[in-house]
Amino acid sequence: MGKRKASDDTNPNHDFCEFLSELAEYEKNVTRDIHRYSAYRKAVSVLASHPTRITSGDEARKLKGIGEKIAKKIDEFLQTGKLRKLEAIHSDSTNAAINELTRVTGIGPAKAHSLVKEGITSIEELRKHTDKLTHHQIVGLRHFEDFEKKIPRQEIEQIESVINKELKAMDHDLKITICGSYRRGKAESGDIDTLITHPNFTSDKVDKKHKNNMLKNIVTALEKCGLVTETLSLGESKFMGACKLDLEHPTRRLDIRLIPYDQYYCCILYFTGSDMFNKEMRTHALEKGFTLNEYALRPVGVTGVPGEPVEIHSEEDIFDYMDFPYKKPEERG
DNA sequence: ATGTGAG
DNA sequence: ACTCACATA
């Protein structure tokens with residue numbers, strides 16, 4: 001996924017959430033005021049889960065997380081259909097510059113701020129000052145246009161078959177799964193999130209060196225065959241970079257994670273998403289007396305202390321343990 | 001060590 | 001929310 005955010009659209013206070021989210025982003029990215037940012041976020045979350053339409057600031061004030069200031073904004077929005085503060089933000093060039101610069105992967109609010117302070121206010125201008133950037137940011141800038149393009153499903157299928165072919169030749173026992181929206185059956189995706197494991201790599205057998213080389217070797221193999229073209233970062237468990245199918249195709253964001261065998265299915269579940277589905281799944285786990293994270297499903301005792309991870313041999317196992325009706329990846333919206 | 005950023 | 005990788009100090 002790119003750096004754009006999506007928002008839900010089915011709740012009765014959607015329009016309030018929309019402008020409050022925009023104010024939150026503004027406080028995070030431009031003023032760098034983390035407290036105001038959190039305040040807006042809290043207000044959005046309470047409004048988003050409020051079942052009925054709010055019809056006045058006073059009514060909103062009764063909700064936890066909404067005080068005088070936000071209540072006034074809701075009144076203004078109700079009466080005039082807009083917000084003066086937001087109008088001002090929209091016409092502010094510093095804000096526009098920061099929003100533009102943070103679209104480059106590797107550039108967050110802090111870096112964008114310092115660039116704007118030095119007078120660099122656009123992608124075009126930034127291209128003349130690559131000396132101010134890290135490797136990650138340079139690669140992000142070089143492929144700026146490509147990285148914002150969606151990836152059609154059939155292109156990921158082709159990339160998947162190249163990865164499978166190359167890595168199975170290396171070691172036939174490697175298990176490879178592309179997760180994210182691709183696994184959920186979407187027609188297009190923002191990036192390619194690949195999970196890899198191997199039966200004799202488990203979390204109790206800590207072959208740090210073996211593990212370290214394993215991911216490096218995988219990346220090297222994919223570079224040799226011409227698929228992987230850029231590295232943003234490469235550690236012992238996570239590669240972030242880019243790949244390109246051939247000259248006719250854009251450069252695509254590719255992540256590869258190396259996962260211990262015993263954690264593979266929790267990871268697949270987690271990285272398949274969606275985010276909303278994950279939240280749903282976790283709260284259900286808690287209700288059933290489990291704690292679920294990207295590594296393991298563990299029973300939580302009466303003391304509140306999580307026990308030993310439950311043995312998992314498939315994604316279905318996870319659903320079964322917490323009697324949650326199994327949902328196919330395509331149904332996890 | 002700490003801060004930044006990605007996901 | 002939490003973890004990983006990186007850059008800088």
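Below, chain A is the first sequence line, B the second, and so on; all start at residue 1.
- Taking atom OH on A/Tyr295 and atom C1' on B/dG7, their separation rounds to 12 Å, with Å as the unit.
- Using a 4.0 Å heavy-atom criterion, one finds that A/Asn293 contacts no nucleic acid atom at all.
- Looking at heavy-atom distances under 4.0 Å, A/Arg253 makes contact with sugar-phosphate atoms alone, never a base.
- The A/Ser233 side chain lies nearest to C/dC6 when the options are B/dG5, B/dG7, C/dC6.
- Across the protein-nucleic acid pair, A/Leu133 atom CG and C/dC6 atom C1' stand 14 Å apart, rounded to whole Å.
- Under 4.0 Å is where a charged nitrogen must lie from a carboxylate oxygen, and between A/Lys150 and A/Asp191 no such pair does.
- Between C/dT3 and A/Ser237, no contact under 4.0 Å exists linking OP1 or OP2 to a side-chain N or O.
- Computed from coordinates, the A/Ile107 CD1 to B/dG5 P distance equals 9 Å when rounded to whole Å.
- The pair A/Lys327-A/Glu280 meets the salt-bridge criterion, with a side-chain N (NZ, NE, NH1 or NH2) lying under 4.0 Å from an Asp/Glu carboxylate O.
- Separating the CE atom of A/Met240 from the P atom of B/dT4 is a distance of 18 Å, rounded to the nearest angstrom.
- In the set B/dA6, B/dT4, B/dG7, the nucleotide with an atom closest to the side chain of A/His136 is B/dA6.
- Nucleic acid contact class of A/Phe239 (heavy atoms, under 4.0 Å, all strands): none.
- Nearest nucleotide to the side chain of A/Tyr270, out of C/dC6, B/dA6, C/dA1: C/dA1.
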Yes or no on side chain to side chain donor-acceptor pair (under 3.5 Å) for A/His136 and A/Ser233, after CA distance, side-chain angles and deciding distance?
CA-CA 7 Å; A/His136 182 146; A/Ser233 66; 5.7 Å; no
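- At distances below 3.5 Å, not a single donor-acceptor pair connects side-chain atoms of A/Glu294 with backbone N or O atoms of A/Cys267.
- The distance between atom CG of A/Leu234 and atom C1' of C/dC4, rounded to the nearest whole Å, is 12 Å.
- Looking at the side chain of A/Asp193, the nearest of the listed nucleotides B/dG7, C/dA7, C/dA5 is B/dG7.
- Atom-to-atom, CG of A/Asp275 to C1' of B/dG7 comes out at 9 Å; the value is rounded to the nearest Å.
- Summarising the geometry, the separation between CZ on A/Arg282 and C1' on C/dA1 is reported as 7 Å, rounded to the nearest angstrom.
- A/Lys73 has its side chain within reach of A/Phe19: a pair of non-hydrogen atoms, C-beta onward, lies under 4.5 Å apart.
- To the nearest angstrom, P of B/dG7 lies 6 Å from CG of A/Asp255.
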